[in-house]
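Contents: one structure, followed by commentary.
Each ligand, and each atom within it, is numbered from 1 in the order the structure gives. Sequence positions, counted from 1, serve as the residue numbers for this chain. Side chains included, hydrogens not; waters and symmetry mates left out as well; all remaining heavy atoms used.
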Amino acid sequence: MKILVCGGAGYIGSHTVKELIGNHEVVVLDNLTTGNSFLLDSEVIFEEGNLGDGAILDKIFTEHAIDAVFHFAANSLVGESVRDPLKYYGNNVGATIVLLQKMIEHGVDKFIFSSTAATYGIPDSKIITEEMPSTPINPYGRSKRMVEEILADISRAHQFKYVVLRYFNAAGAHASGEIGESHDPETHLIPIILQHLLGQRENIAVFGTDYDTPDGTCIRDYIHVTDLAKAHILAYEALRKGSISNEVFNLGNGTGHSVKEVIGVCEKVAGKSARVEYGERREGDPAILVASSGKIGRLLGWKPDYGLEEIIESAWIWHKGRI
Ligand SMILES: NC(=O)c1ccc[n+]([C@@H]2O[C@H](COP(=O)([O-])OP(=O)(O)OC[C@H]3O[C@@H](n4cnc5c(N)ncnc54)[C@H](O)[C@@H]3O)[C@@H](O)[C@H]2O)c1
Ligand SMILES: O=c1ccn([C@@H]2O[C@H](COP(=O)(O)OP(=O)(O)O[C@H]3O[C@H](CO)[C@@H](O)[C@H](O)[C@H]3O)[C@@H](O)[C@H]2O)c(=O)[nH]1
C-alpha cells in the first residue's frame, strides 16, 4: 500500500516513516520550512512542495495509487501562534483544506490527522479524556480543532474516513540514533535542556513558577515519538479493515511531569547540573495537560513502551551524536 506522508521530513513524521518503510511504499510531501531533508529515509519518494499547492497534489495523486494520507504538516508552536495567528490559520487550516479537496477529487478516502492536547484548552480534570470539552486557549489549538470539525463534516458528505490523534508532548529519538528532534530555532523543553547540558546554550529559562501545581511549574505528559509513530500504523490498519472510522484518540503516557522534574531527570541522565533561570509565564500555556490514553488502548491495543527517563535517554544519545 502507498501512503502519502505530509510533513514526513519533520520530527514526528520522519519517525512514522521509519515505522512504515518495509511494509509500505511512502511518498513524502514537505516544504522543509521546519523539517530537514537529512531526516528523510532513503527509501521514500520525496516531493518538495507546499501542501496548499493543488498542482503538486494533483501530480502526486495521479502518479501514485495513494491509499491513505498521514497529515503531520503544520506550524505547531503555541507562543508563535499567539503572536502570528494568521500564519497558523493559513497553514494549518487553509493549506489542509486544499489537501482535503484534492483527496476527495482523487478518491483518496483514509486520513490520519496530527492533532494536539492544545485542543483541550484549560481542562476541568487532571486526566483528560476525549469526551471532555474542546475549548482551546490559543490560535494553534484552535487551528487544529477547526480541522477536526472540518473532518467530521467531510465524512458526513463524502466517502471519507479519518482518525484524529491528539498527541500530548512528543519527545525522544529513534532507537537507531539515526533520527531525532532537530528544529531551528528549538523551542521544546527537553531538547533545550539537553543542548544546554551539552554546552550549546548558556542556561535554561523556566516559563512561570506561579502555576497551581505542586512546584509552581507547568505539568505536561511526555510521550516517546516512536510510541506515537506506532499508533499511526495501528490507526491506519484499523481504518483499512473498517474496524474503526472517524475516531478521536489521545496519545500520552498518562503521567504528568513538571518543568522542574524534567530538568532533574535530564540532569540525572547527563550526569551534569543545569543553570536554570526562573522567569515569566509564556503566553498561551495551560498549567496541566495529562492524557488518558485508555480509549486507544481499548480499541486498538496501543500502549506506550517508554517512560520519561527512557525518553530523555534516547534524546540524549541523539543530541550527543549531533555534536
Ligand atoms: N511535537 C509535539 O510535541 C506535537 C504535539 C502535538 C501535536 N503535534 C503535531 O504533530 C505534527 C508534527 O509535529 P512535529 O513536531 O513533527 O513538527 P515539525 O515542524 O518537525 O514537522 C512538521 C513538518 O511539516 C512540514 N510543513 C509544514 N507546513 C507545510 C506545508 N504547508 N507544506 C508542506 N510541508 C509543510 C515542515 O517542513 C516539517 O517537516 C504537527 O501537525 C503538530 O501540530 C506535535
Ligand atoms: O525553554 C523552555 C521551553 C518550555 N518550557 C515549558 O515547558 C513546557 C513544555 O513546553 P514545550 O516543550 O514548548 O511544549 P508545549 O508548549 O507544551 O507544546 C508541545 O506539546 C503540545 C501538546 O501538549 C503540542 O501541541 C505542541 O505542538 C508542542 O509544541 C511548557 O510548560 C513550557 O512553558 C520552559 O519552561 N522553558
Identify, by atom number and element, the atoms of ligand 1 in contact range of Leu51, meaning under 4.0 Å from any of its heavy atoms. 30 (C), 31 (N), 32 (N), 33 (C)

Is there a heavy atom of His183 sitting under 4.0 angstrom from any atom of ligand 1? yes

Protein residue, atom and distance nearest to atom 43 (O) of ligand 1, heavy-atom basis: Tyr140 OH, 2.7 Å

Any idea which protein heavy atom is nearest atom 35 (C) of ligand 1, and the distance to it? Asn31 OD1, 3.1 Å

Closer than 4.0 angstrom: is that true for some heavy atom of Ser14 and an atom of ligand 1? no

Arg282 and ligand 2 - part of the residue with a heavy-atom distance under 4.0 Å: side chain

Taking only heavy atoms of Ala9 into account, list the atoms of ligand 1 that are under 4.0 Å away from them. 39 (O)

Note: heavy atom closest to atom 12 (C) of ligand 1, options Phe113, Tyr222, Phe70, Phe72, belongs to Phe72

Geometric N/O contact His71 with ligand 1, under 3.5 angstrom: no

So which heavy atom in the protein is nearest atom 5 (C) of ligand 1, and how far is it from that ligand atom? Phe168 O, 3.3 Å

Test: Arg281 cationic atom under 6.0 Å from Tyr211 six-membered ring centre, within 45° of axis: yes

With heavy atoms under 4.0 Å as the rule, classify the contact between Phe207 and ligand 2 as side chain, backbone, both or neither. both

Got the closest protein heavy atom to atom 15 (P) of ligand 2, with its distance? Asn169 ND2, 3.5 Å

Report the part of Tyr222 in contact with ligand 2, treating N, CA, C, O as backbone and CB onward as side chain, heavy atoms under 4.0 Å; options are side chain, backbone, both, neither. side chain

What is the nearest protein non-hydrogen atom to atom 39 (O) of ligand 1, stated with its residue, atom name and distance? Asp30 OD2, 2.5 Å

Gly141, Ser115, Ser114: member with heavy atom nearest to atom 7 (C) of ligand 1: Ser115

Under 3.5 Å, N or O to N or O, is Gly10 touching ligand 1 that way? yes

List the closest protein heavy-atom neighbour of atom 8 (N) of ligand 1: residue, atom name, distance to the nearest 0.1 Å. Tyr167 CD1, 3.4 Å

Is there a polar contact between ligand 1 and Lys144, counting only N or O atoms under 3.5 Å apart? yes

Regarding atom 24 (C) of ligand 2: of the candidates Thr116, Thr119, Val206, which has the closest heavy atom? Thr116

Leu189 and ligand 2 - part of the residue with a heavy-atom distance under 4.0 Å: both

For atom 27 (C) of ligand 1, tell me which residue out of Gly7, Gly49, Ala171, Ala74 has the closest non-hydrogen atom. Ala74

Can you tell me which residue and heavy atom of the protein come closest to atom 33 (O) of ligand 2, and the distance to 0.1 Å? Asp285 OD2, 2.6 Å

Do me a favour and list the nearest non-hydrogen protein atom to atom 16 (O) of ligand 1 with residue, atom name and distance? Ile12 N, 2.8 Å

Distance under 4.0 Å to a non-hydrogen atom of Ile192: what atoms of ligand 2 satisfy this? 1 (O)

For Ala205, which part has a heavy atom under 4.0 Å from ligand 2: side chain, backbone, both, or neither? backbone

Considering only non-hydrogen protein atoms, determine which one is nearest to atom 36 (C) of ligand 1 and report residue, atom name and distance to 0.1 Å. Thr34 OG1, 3.2 Å

N or O contact, Ala117 vs ligand 2, cut-off under 3.5 Å: no

Checking heavy atoms under 4.0 Å, the part of Thr187 that sits near ligand 2 is backbone

Is it the side chain (CB and beyond), the backbone, both or neither of Tyr140 that lies under 4.0 Å from ligand 2, heavy atoms counted? side chain

At a 4.0 Å threshold, what atoms of ligand 1 neighbour a non-hydrogen atom of Ala170? 1 (N), 2 (C), 3 (O)

Looking only at protein heavy atoms, which one is nearest to atom 31 (N) of ligand 1, and how far off is it? Asn91 OD1, 2.7 Å

The reported gap from CG in Leu39 to CD in Glu181 (rounded to nearest 0.5 angstrom) is 10.0 Å

